[in-house]
**Student:** 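What follows is a structure written as structure tokens; I'll ask about it next.
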Amino acid sequence: MGGSRVRAAVLTVVLAVAVALVGPQAATAAAPAVSSMRDVVPAPLTVKPAGGTTFTLRPGTPIFASGDARDIGGYLAGVLRRSTGYRLPVVSGSGPGISLLLTGADPSVGDEGYRLDVTSKAVVIRAQRPAGLFAGVQTLRQLLPPAIESAIVRKGPWVIAGGQIVDRPRLAYRGAMLDVARHFHPVGTVLRYIDELALYKINHLHLHLTDDQGWRIAIDSWPRLSAYGGSTQVGGGAGGYFTKADYARIVAYAKSRYITVVPEVDMPGHVNAALASYAELNCDGKAPPLYTGIDVGFSSLCVSKEITYRFIDDVVRELVALTPGPYLHIGGDEAHATKPDDYATFMDRVQKIVAAHGKSALAWHQVVNATPLPSTVGQYWGTTRSAPDVAAAAGRGTKLLLSPANKAYLDMKYDPSTPLGLSWAGYVEVKDAYDWDPGAYLDGVSESSVFGVEAPLWTETIATLADIEYMAFPRLPAIAELGWSPASAHDWTSFRARLATQGPRWEAQGINFYRSSQVFP
Ligand code: NGO
């Protein structure tokens, strides 16, 4: 009884809010649920709702998109047709409907920003570059009712609240990392994750392609790496690897979602799969067995052998040919089986190999123990705000990508009862993931040294797509917001309320998210 009274009270409030939002006319005719412009994740730079104005999607609503906007128009139509069942023709020209324009945006929105105007007649997204239009399209999805994300046709009406959003990212690099080495994750899983990253304006996918337990990318000049080195995984399962065609498909799909793939080959440690595949890569010439446990720090390439660098040059050359983006990740973490001097010698030489092939190196932050090239970006994965060596390198010009493990690691358990994940960096609830400022996180490192943020998902315990989703949602959107939204928008109470409105969207998409009591009480 008490419950029904509460429900009645909640209903009254919801109706009152609906009236306030959509105006009295719409409210008398069975008020459609209108998503608020203020609920977008990541929070846009500026939001100006136009109270009372709404735009309604109809079966014949045209999507105007030409030239470089055409593909994005097709993508938007694809998303909207699934759930509305509407025709939504993608056409050239202009008029009442949805317009995607590469003209008329203020230059201040930059390459990835956009302006979105919703009136009763039209939805217009303007950007300087296609990436900005794509970001605007992600915002538009969130302005529609959650059922818009359904894979099957649902009943409308499909109403969008009127107003204006002007938006652009805070940081250039907003990334997610997926470890396909500890457990192999097939192409379909990676493509789905790419679509999920795109929802939150993530623009880089870092693939951790090699580790002790598996080598997951075909290298023609060293075929046993994948054929043998990819033949198992943590726990002893069958493993697997990406052929070059598989990998090219991932890269192309990511590109269509304005996401750049950053491949990682971890060196000089985390290389047991390579050492097991080729005896000549070992200092003693003997190949160790394949490894299916979860220890770290026990393997090393042989720094003193020339064949090591021929091997790396071949791998880098073949990977570069598959990599349109500027970065190649060379690992460099937990090289406990490599002597410190050897580590520096090795990392310096490998950075030069990457540069010789025309790319910049990304590396875990231990690269500061070598001599980072000016183009090398260090990825901070420590658990403290004080990291003097890293801050000193930043002072000398090294740019940093921030993935503090006790904040940004998606493989940490939420709390002691989380069935998946690790806890070496602590438990990371949604609020922990959100409550830090990348621009002012590391002592002595200013925002100008911060290249971006990345949420890594290591997969020692993560075997399936459902596992990936459970760990990524809702923390991935938290890290995405830190990278995209202005520092002035940072507010847990607001974020948590906006995040809660994403839940029904994840349900509509079948995303297996963690129902954190911090967000969904
Ligand atoms: C560490 C380690 C990885 C583990 C991960 C698990 C880095 C950069 N190296 O992070 O090998 O998989 O923790 O959380």
Side-chain angles (χ1 to χ4, degrees), residues 175-185 204 206-216 233-235 239 262-275 291-301 327-338 343 347 350 361-370 372 376-384 387 389-390 400-415 418-428 432-433 442 452-463 467-468 470-472 475-476 479:
M177 185 214 80
L178 183 63
D179 169 10
V180 294
R182 270 50 178 276
H183 277 93
F184 179 62
H185 296 280
H204 287 81
H206 163 187
L207 288 175
H208 183 76
L209 290 169
T210 69
D211 213 302
D212 290 315
Q213 299 84 349
W215 184 285
R216 309 298 180 200
Q233 61 183 2
V234 168
V262 178
E264 178 185 354
V265 170
D266 203 347
M267 306 176 268
H270 291 276
V271 289
N272 189 76
L275 298 180
Y291 180 70
T292 60
I294 65 167
D295 285 348
V296 294
F298 60 87
S299 60
S300 177
L301 286 171
Y327 292 102
L328 214 96
H329 203 303
I330 56 174
D333 58 321
E334 295 174 323
H336 307 318
T338 317
Y343 177 83
M347 291 303 277
V350 174
L362 249 159
W364 300 106
H365 72 257
Q366 282 74 18
V367 72
V368 304
N369 298 326
T376 296
V377 174
Q379 182 168 11
Y380 182 70
W381 62 281
T383 56
T384 59
D389 295 354
V390 175
L400 299 176
L401 177 59
L402 298 187
S403 303
N406 54 337
K407 300 278 173 195
Y409 267 31
L410 300 178
D411 58 312
M412 290 302 119
K413 289 175 183 289
Y414 292 96
D415 67 24
T418 309
L420 302 166
L422 308 175
S423 56
W424 69 264
Y427 301 114
V428 181
D432 303 308
L442 280 180
V453 288
E454 186 175 281
L457 180 46
W458 301 95
T459 60
E460 286 93 334
T461 65
I462 308 298
D467 293 351
I468 291 173
Y470 188 77
M471 301 308 270
R475 292 182 293 195
L476 174 82
I479 304 301

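Positions are given from 1 along the sequence. Keep in mind it's a predicted model, so treat the numbers as computed, not measured. Atoms within a ligand are numbered from 1 in the order they appear, just like the ligands themselves.
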**Student:** Do D212 and S299 have a side chain donor and acceptor closer than 3.5 Å?
**Tutor:** yes
**Student:** Look at the side chain of H365 and the backbone N and O of W381, then say whether any donor-acceptor pair between them is shorter than 3.5 Å.
**Tutor:** yes
**Student:** On the six-membered ring of Y414, is R475 placed so that its NZ or CZ lies under 6.0 angstrom from the centre and within 45° of the ring axis?
**Tutor:**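 Verdict for Y414: a cation-pi partner in R475.
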**Student:** Is it the case that E454 and H204 place a side-chain donor and acceptor less than 3.5 Å from each other?
**Tutor:**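 No, H204 and E454 have no side-chain donor paired with an acceptor closer than 3.5 Å.
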**Student:** Salt-bridge test for R182 and D211: reply yes if a basic N is under 4.0 Å from a carboxylate O, no otherwise.
**Tutor:** yes
**Student:** Counting only N and O atoms by type, is there a donor-acceptor contact under 3.5 Å from the side chain of Y343 to the main-chain atoms of H336?
**Tutor:**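 No; judged by distance alone, with no hydrogens or angles, the pair does not exist.
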**Student:** Counting only heavy atoms and a distance below 4.0 Å, can you name the residues contacting ligand 1?
**Tutor:** R182, H270, V296, D333, E334, W364, W381, Y409, D411, M412, L422, W424, W458, E460
